There are 2 protein chains.
Amino acid sequence: MKTEQSISQRLHGNLKEMIAGTKTGDRLPSEPELARRLGVSRATLREAMRTFETQGLIHRRHGAGTFVTRPSQVIESGLEVLESIETLAKRIGMQVSMGALHVDHRLATPEEANALGLATGCKVLHLSRVILAEGQPAAYLVDVVPEDLLAQSDLDEGFTGSVLDLLLHKKSLALSVSRCDITATNASVEVARLMSIQRGDVLLQFVAYLYTPEGRVVDYSFSYFLPGYFRFHVVRRVG
Amino acid sequence: MKTEQSISQRLHGNLKEMIAGTKTGDRLPSEPELARRLGVSRATLREAMRTFETQGLIHRRHGAGTFVTRPSQVIESGLEVLESIETLAKRIGMQVSMGALHVDHRLATPEEANALGLATGCKVLHLSRVILAEGQPAAYLVDVVPEDLLAQSDLDEGFTGSVLDLLLHKKSLALSVSRCDITATNASVEVARLMSIQRGDVLLQFVAYLYTPEGRVVDYSFSYFLPGYFRFHVVRRVG
DNA sequence: CAGTGGTCTAGACCACACG
DNA sequence: GTGTGGTCTAGACCACTGA
């Protein structure tokens with residue numbers, strides 16, 4: 001046997017077993033206790049736990065503990081068609097809810113103004129909210145919309161979490177396509193806090209521009225997805 | 001002023017300035033020196049450096065130092081059409097080369113056999129290689145192909161890094177589409193070493209199945225992209 | 001060989017949750 | 001208050017590079 005492994009690799013395996021052997025929803029031992037039991041320092045333990053958090057297998061709650069979560073279903077979607085997460089979830093019969101909605105009227109930043117084709121200083125509506133899948137934070141969505149397109153009254157009439165669905169219901173507005181840039185990123189301090197994950201955790205990120213048939217951008221959005229809860233795919237034709 | 005910031009946030013800013021003020025290709029001070037100068041511990045410094053490595057702004061070389069790299073051009077591509085990175089790079093006039101090619105004949109794992117629609121125990125060809133953009137590792141690609149489709153002679157006749165281009169040149173083989181799953185992941189120990197990035201660094205990951213018109217899978221591939229070097233996008237029509 | 005980044009440790013202190 | 005996870009430190013040791 002030449003199974004030399006680094007401490008972190010062995011630890012990864014040990015943790016995987018331990019998580020597998022814990023019932024969904026149960027709490028793991030505390031970090032100092034777990035570190036002692038597995039014979040590693042707390043720093044090393046926490047580093048190893050990151051990947052499991054990314055996969056949605058554990059969920060840490062500051063002050064409360066680390067819990068085993070095990071997403072029972074992934075949200076799967078093709079990227080050819082733009083659909084709201086709510087519509088998508090409903091279609092596949094998955095439980096999704098909205099948490100921590102923040103609505104804000106403010107002046108567009110130069111970047112936002114540029115993206116939306118507005119003059120600097122125009123007012124925009126900022127909408128940010130966390131999407132909970134089976135009660136766990138799974139995505140964080142931010143939409144920036146020109147203020148003249150979406151009034152407060154539109155939101156009061158029942159906002160369920162999807163700006164897209166709201167815009168689709170406005171009969172006066174036609175939508176055509178969305179251009180979506182896809183990348184991977186580390187969770188910033190802010191996003192990490194809102195999704196209650198660790199700063200630096202890996203997230204799939206979409207930056208999207210929603211167009212009218214005339215070519216006007218009516219929604220500029222950032223979406224952050226915890227990889228374990230989603231599976232996005234695209235069919236590519238051979239060039 | 002109520003600009004309270006955590007140490008890590010302040011550090012992030014300091015580092016950003018320092019990198020911006022360093023010429024491309026130059027070496028940064030050593031980690032102990034940098035940590036002392038910025039008034040933080042080495043662990044905190046290294047954590048803060050991760051994001052810059054992800055963005056392709058710095059490049060660490062074990063035993064040699066940390067260098068400022070600054071990718072002069074990103075590789076941008078739509079996902080509707082499948083193109084090899086080499087073809088893509090050539091089209092936009094970017095310098096791309098191949099490093100660390102590994103070719104291996106082996107028995108298909110159960111997972112690979114399943115993906116390729118083979119019986120367990122069939123032989124497959126494993127091809128893995130690193131893609132260098134401007135001399136820096138930017139992507140790591142792994143292709144698994146049934147052995148009857150790609151002989152050693154095909155490779156000897158000049159393999160430039162793209163399995164897709166190789167398959168396209170086989171007149172006996174027709175290709176139709178590729179199904180591509182997109183996710184974000186942490187660099188494993190192996191991938192991190194090959195791309196000379198840190199274990200745990202964030203990568204964009206594609207898992208793809210290449211089909212013939214008859215529906216046979218002829219290539220099962222994993223691709224890992226360092227976010228700073230690539231920009232992938234897709235146009236989504238409104239449902 | 002000296003100097004660099006890669007890994008790991010032990011421990012401190014803080015912020016938050018829950019009874 | 002007690003116990004949890006979140007952050008940060010100082011330092012050790014190893015593996016690698018390059019003169």
Side-chain angles (χ1 to χ4, degrees), chain A residues 4-12 14-15 19 26-53 58-69 100 136-137 186-201, chain B residues 4-12 14-15 26-53 58-69 136-137 186-201:
Chain A
E4 350 168 12
Q5 283 190 324
S6 67
I7 289 178
S8 62
Q9 281 174 292
R10 176 183 59 76
L11 178 59
H12 183 88
N14 291 150
L15 267 179
I19 291 171
D26 279 10
R27 213 191 73 185
L28 289 176
S30 73
E31 292 185 355
E33 165 66 14
L34 210 47
R36 190 193 58 73
R37 225 192 271 184
L38 297 171
V40 297
S41 72
R42 224 187 117 199
T44 306
L45 174 73
R46 283 178 60 76
E47 173 60 33
M49 283 192 157
R50 292 178 90 122
T51 62
F52 297 108
E53 187 163 29
I58 60 170
H59 184 201
R60 289 144 128 156
R61 286 174 47 210
H62 191 176
T66 301
F67 300 84
V68 174
T69 49
Q136 306 297 334
N186 293 102
S188 67
V189 178
E190 185 202 359
V191 174
R193 191 169 43 76
L194 290 165
M195 297 183 71
S196 58
I197 59 177
Q198 276 199 260
R199 162 167 62 85
D201 275 3
Chain B
E4 349 168 13
Q5 283 188 325
S6 66
I7 288 177
S8 62
Q9 282 174 292
R10 176 183 59 75
L11 177 59
H12 182 89
N14 291 149
L15 268 178
D26 279 10
R27 215 192 71 185
L28 289 176
S30 74
E31 292 185 354
E33 165 65 14
L34 211 46
R36 190 194 58 73
R37 224 192 272 184
L38 297 171
V40 297
S41 71
R42 223 186 117 201
T44 306
L45 174 74
R46 283 177 60 75
E47 173 60 32
M49 282 191 157
R50 293 180 90 123
T51 62
F52 297 107
E53 188 163 29
I58 61 170
H59 184 200
R60 289 142 128 157
R61 286 175 47 210
H62 191 176
T66 301
F67 301 83
V68 174
T69 49
Q136 306 296 333
N186 293 102
S188 67
V189 178
E190 185 202 359
V191 174
R193 191 169 43 78
L194 289 164
M195 297 184 69
S196 60
I197 58 177
Q198 277 200 258
R199 163 169 60 86
D201 275 3

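The shown structure was predicted, so the numbers you read here are calculated from the model rather than taken from an experiment. The basis for the numbers below is simple: all heavy atoms, side chains too, and nothing from hydrogens, waters or symmetry mates. Convention: sequence-line order gives letters A, B, ...; per-chain numbering from 1.
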Before you tell me yes or no, could you show the steps for Arg50(A) and Gln198(A) under side chain to side chain donor-acceptor pair (under 3.5 Å), namely the whole-Å CA-CA distance, both residues' side-chain angles and the distance that decides it to 0.1 Å? CA-CA 8 Å; Arg50(A) 292 178 90 122; Gln198(A) 276 199 260; 5.0 Å; no
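- Here chain A contacts DNA chain D (any atom closer than 4.0 Å to a heavy atom, that is under 4.0 Å), and the contacts span dG3(D) to dC8(D) from 5' to 3'.
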Full working for side chain to side chain donor-acceptor pair (under 3.5 Å) between Gln9(B) and Ser6(B): CA-CA 5 Å; Gln9(B) 282 174 292; Ser6(B) 66; 3.2 Å; yes
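- In this structure, Arg61(A) places its CZ atom 11 Å from C1' of dC16(C), rounding to the nearest Å.
- One atom, NE2 of His59(B), and another, C1' of dG5(C), lie 12 Å apart when rounded to the nearest Å.
- Between Arg50(B) atom CZ and dG5(C) atom P there is a gap of 16 Å when expressed in whole angstrom units.
- Residue side chain His62(A) meets the stacking definition with respect to dA15(C): its ring centre sits within less than 5.5 angstrom of the base's six-membered ring centre, and the planes differ by less than 30 degrees.
- Of all the residues in residues 33-46 of chain A, Arg42(A), Arg46(A) reach under 4.0 Å from DNA chain D with at least one non-hydrogen atom.
- Contacts of Leu194(A) classified as side-chain contact (heavy atoms from CB on, under 4.5 Å), with partners at least two apart in sequence or in another chain: Val130(A), Tyr140(A), Glu190(A).
- Under the rule for a side-chain hydrogen bond (donor to acceptor under 3.5 Å, both in side chains), Arg27(B) has no partner lying at least two apart in sequence or in another chain.
- Residues passing the side-chain hydrogen bond (donor to acceptor under 3.5 Å, both in side chains) test with Ser41(B), sequence neighbours excluded: Thr44(B).
- Between Ala48(A) and Leu11(A) the shortest heavy-atom distance is CB-CD2, 3.6 Å.
- Going from atom CZ of Arg27(A) over to atom P of dG19(C) covers 11 Å, rounded to whole Å.
- Inter-residue side-chain proximity for Met49(B) and Leu34(B) is flagged as met; some heavy-atom pair is nearer than 4.5 Å.
- Nearest-nucleotide mapping onto DNA chain C: of Gln198(B) and Gly63(B), the residue sitting toward the 5' end is Gly63(B).
- Not counting sequence neighbours, the partners of Arg61(B) by the side-chain contact (heavy atoms from CB on, under 4.5 Å) test are His59(B), Ala64(B), Phe67(B).
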